[in-house]
Amino acid sequence: MNTFIDIISTAPAKDSEGFATADDTILASVRAYKEDRHGSELWTNMAAFSAASSLFRFRKIPGITITAEMLITCADGRYRILSAEDVRGRGMYTEVLAERLEPSVR
């Protein structure tokens, strides 16, 4: 467990002038193992997830189901969840493949 992450849910909200904005809600803050994409055998076998740039593994959070509509934030930036699954079906750890979101430059 080498980094702290926040699991975020985004929902549209209207501001006082009626414009829609994205409202972030932190669902959980946990420690996680983070591995960036590189040329290892593990990443070679995950060729179907070519957009995935990072893998996160953390303890299962009671009462929260991780879905692709959520985001992960850490010190390195924001990540969009591509897939989440239970590690070995034991209900102890969750493994998430995520894509780093790059901010748009104007």
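Just so it is clear, the values below take in all heavy atoms, side chains as well, and ignore hydrogens, waters and symmetry mates.
Side-chain contact check for Phe56 versus Ile72: some heavy-atom pair is nearer than 4.5 Å. For the pair Thr67/Ile81, no side-chain contact is recorded, criterion being any heavy-atom separation below 4.5 Å from C-beta on. Side chains of Phe58 and Thr94 form a contact here, defined as non-hydrogen atoms less than 4.5 Å apart.
In this structure, Arg57 forms no cation-pi arrangement with Tyr93, as its terminal cationic atom is not both closer than 6.0 Å to the ring centre and no more than 45° off the ring axis.
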Quiz prompt | side-chain contact (heavy atoms from CB on, under 4.5 Å) between Leu55 and Glu95, worked out | solution = CA-CA 7 Å; Leu55 175 135; Glu95 186 174 83; 3.7 Å; yes

Quiz item: Would Ile7 and Ile66 satisfy side-chain contact (heavy atoms from CB on, under 4.5 Å), going step by step from the backbone distance to the final call?
Solution: CA-CA 9 Å; Ile7 299 171; Ile66 306 299; 3.7 Å; yes

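With hydrogens and angles disregarded, no donor-acceptor distance shorter than 3.5 Å links the side chain of Asp6 to the backbone of Ile8.
Checked by atom type, the side-chain pair Asp36/Ser54 shows a donor-acceptor distance below 3.5 Å.
Considering every non-hydrogen atom in both Tyr33 and Asn2, the closest pair reads CA-OD1, 3.4 Å.
Identified under the salt bridge (charged side-chain N to carboxylate O under 4.0 Å, His left out) test for residues 69-82, with sequence neighbours left out: Asp24-Arg78, Lys34-Asp76, Arg80-Glu99.
By the side-chain hydrogen bond (donor to acceptor under 3.5 Å, both in side chains) test, Asp86 pairs with no residue at all, sequence neighbours left out. With sequence neighbours left out, Thr10 forms a side-chain hydrogen bond (donor to acceptor under 3.5 Å, both in side chains) with no residue at all.
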